[in-house]
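Before I ask anything, here is the structure I am working with.
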2 protein chains.
Amino acid sequence: MATPNADHIFAALADATRRDIVLRTLAGREGVAELASHYSMSFAAVQKHIAVLERAGLVTKERTGRRKVVLTNIEGLNLARSLLDQYETLWRGRVERMTNLIASTEEIHA
Amino acid sequence: MATPNADHIFAALADATRRDIVLRTLAGREGVAELASHYSMSFAAVQKHIAVLERAGLVTKERTGRRKVVLTNIEGLNLARSLLDQYETLWRGRVERMTNLIASTEEIHA
DNA sequence: CATTGATACAACCATACGGTTGTATCGCCG
DNA sequence: CGGCGATACAACCGTATGGTTGTATCAATG
């Protein structure tokens, strides 16, 4: 896990193939070759996608025999979630402030 | 709002400047020029960042006089959140299945 | 209606990204 | 240890991205 910051995480998620790989790693224990077989691109291309996910801290690889199983790293996903939650919280606060403002304005008008 | 899909949304969020712009649009009602003044890059560059956010459906622009106020579009953010929530749900299910598996194994060993 | 303020857009440049093919490493097995 | 299966890595190519400067649009104001 090199530098798993928000930039890398969101960039990694900004590709449909990579999001699909994340889903597959959540569902089962597939190696690089198995994952690659699902997509109509070269093995190396899928390998690169996995590397991007790994660099972002979204997946890890576990050696089993001569294969490497790709595993979800839920902490990376949670980091992204917490950031979006922060936005949502701020949004709620904003709406609340606006509601209060409208309420006080109505008081004046009353 | 052109094609606000997951690709665009995550790509838009994969840049620190753009995430900061989102935060500022959540905090107050700033125009393009005000937003641009916060960053050490050209006006046009910030304008482009805002355009990316707009294309992703994360912000909208509202004309007020000769200015344009940049506003958060919470629905875009919620789309990203719901995707990550889906991952989290799948993860929970996965952990649960593993727990059950371990439990049944222990039964056999008992 | 000419000017100024605020925003938009086009052209251009350097670098990053997604894909390819080819070669190298690594672990198992006969 | 030779060979094969599985993964990794390097070089290359076209296109997208992030930045710049310069020009154009558009709305308020004197």
Side-chain angles (χ1 to χ4, degrees), chain A residues 1-22 24-25 28-73, chain B residues 1-22 24-25 28-73:
Chain A
M1 210 189 296
T3 40
N5 54 29
D7 280 42
H8 288 150
I9 291 175
F10 284 121
L13 292 172
D15 182 284
T17 302
R18 288 197 289 264
R19 286 195 303 276
D20 194 71
I21 291 175
V22 170
R24 287 184 187 279
T25 64
R29 295 175 55 87
E30 295 190 81
V32 181
E34 285 103 317
L35 286 171
S37 72
H38 301 304
Y39 311 103
S40 60
M41 66 183 75
S42 72
F43 178 85
V46 175
Q47 206 170 235
K48 274 198 190 181
H49 280 305
I50 294 171
V52 170
L53 289 169
E54 205 175 4
R55 196 170 73 108
L58 292 175
V59 304
T60 57
K61 279 183 262 188
E62 186 190 85
R63 170 130 256 151
T64 52
R66 74 181 74 180
R67 295 173 356 115
K68 277 197 182 171
V69 175
V70 182
L71 302 169
T72 313
N73 179 23
Chain B
M1 215 187 295
T3 40
N5 54 28
D7 281 42
H8 288 150
I9 291 176
F10 284 121
L13 291 173
D15 181 285
T17 302
R18 289 197 288 263
R19 286 194 304 277
D20 195 71
I21 290 174
V22 170
R24 288 184 187 277
T25 64
R29 295 174 56 88
E30 296 191 79
V32 180
E34 284 103 316
L35 287 171
S37 72
H38 300 304
Y39 311 103
S40 61
M41 66 183 76
S42 72
F43 178 86
V46 175
Q47 206 169 238
K48 275 199 190 181
H49 280 304
I50 294 171
V52 170
L53 289 169
E54 205 175 5
R55 195 169 74 107
L58 293 175
V59 304
T60 56
K61 279 183 265 186
E62 185 190 85
R63 171 130 255 153
T64 53
R66 73 181 74 181
R67 293 168 3 110
K68 278 198 182 171
V69 175
V70 182
L71 301 169
T72 312
N73 180 21

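So you know, we letter chains A, B, ... as the sequences are listed, proteins then strands, and number each from 1.
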Report task. Rounded off to whole Å, could you give me the CG-to-P distance for the A:Leu53 and C:dG18 pair? Result -> 10 Å
**Report entry** By side chain to side chain donor-acceptor pair (under 3.5 Å) - contacts of B:Glu62 (at least two apart)
**Finding:**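 B:Glu62 satisfies side chain to side chain donor-acceptor pair (under 3.5 Å) with B:Arg29 once adjacent residues are dropped.
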Could you list, one pair per line, each protein nitrogen or oxygen that sits under 3.5 Å from a nitrogen or oxygen of nucleotides 13-15 of chain C, together with the distance?
none

Query - Closest non-hydrogen atom pair between A:Ala33 and A:Phe43, with its separation - result: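 Heavy-atom minimum between the residues: CA-CE1, 3.7 Å.
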Requested in this report: Round to the nearest Å and state the distance from A:Asp7 atom CG to C:dC17 atom C1'.
Outcome: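 Those two atoms, CG and C1', are 15 Å apart.
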Report summary line: Partner of A:Leu35 under side chain to side chain contact (heavy atoms under 4.5 Å, CB included), picked from A:Val69, A:Ile50, A:Thr17, A:Asp20, is A:Ile50
Query raised in the report: Taking the side chain from A:Asn73 and the backbone from A:Thr60, do they hold a donor-acceptor pair closer than 3.5 Å?
Result: no
Query raised in the report: In Å and rounded to the nearest 0.5 Å, what is the CG to CD1 distance from A:Leu53 to A:Ile9?
Result: 11.0 Å
Query - Distance, rounded to the nearest Å, where A:Arg55 contributes CZ and C:dG18 contributes C1' - result: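 Checked: the CZ to C1' distance equals 14 Å.
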Requested in this report: Assign a letter to each nucleotide of nucleotides 23-30 of chain D from its 5' end: B, base within under 4.0 Å of a protein heavy atom; S, sugar-phosphate only; -, no contact.
Outcome: ----SBS-
**Report entry** First encountered from the 5' end of DNA chain C, between B:Lys61 and A:Ala14
**Finding:** B:Lys61
Query raised in the report: Who are the salt bridge (Lys or Arg N to Asp or Glu O under 4.0 Å) partners of A:Arg66, not counting sequence neighbours?
Result: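 Listed in chain order: nothing, the list is empty.
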Query raised in the report: Under 3.5 Å, side chain of A:Arg18 to main-chain N/O of A:Leu13, donor-acceptor pair present?
Result: no
Query raised in the report: B:Asp15 has an atom CG; how far is it from atom C1' of D:dA16, in whole Å?
Result: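 In whole Å, D:dA16 C1' lies 14 Å from B:Asp15 CG.
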Query raised in the report: Who are the side-chain contact (heavy atoms from CB on, under 4.5 Å) partners of B:Ala51, not counting sequence neighbours?
Result: none
Query raised in the report: Do the side chains of B:Val46 and B:Ile21 get nearer than 4.5 Å, heavy atoms only?
Result: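 Yes, side chains in contact.
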Report summary line: To the nearest angstrom, the CD1-C1' distance between B:Ile50 and D:dG19 comes to 15 Å
Query raised in the report: Tell me, which of residues 39-49 of chain B have any heavy atom that sits under 4.0 Å from an atom in DNA chain D?
Result: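 Under 4.0 Å from DNA chain D: B:Met41, B:Ser42, B:Ala44, B:Ala45, B:Lys48, B:His49.
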Query raised in the report: Taking atom P of D:dA8 as reference, at what distance in whole Å does atom CZ of A:Arg67 sit?
Result: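 So the two atoms are 12 Å apart, to the nearest Å.
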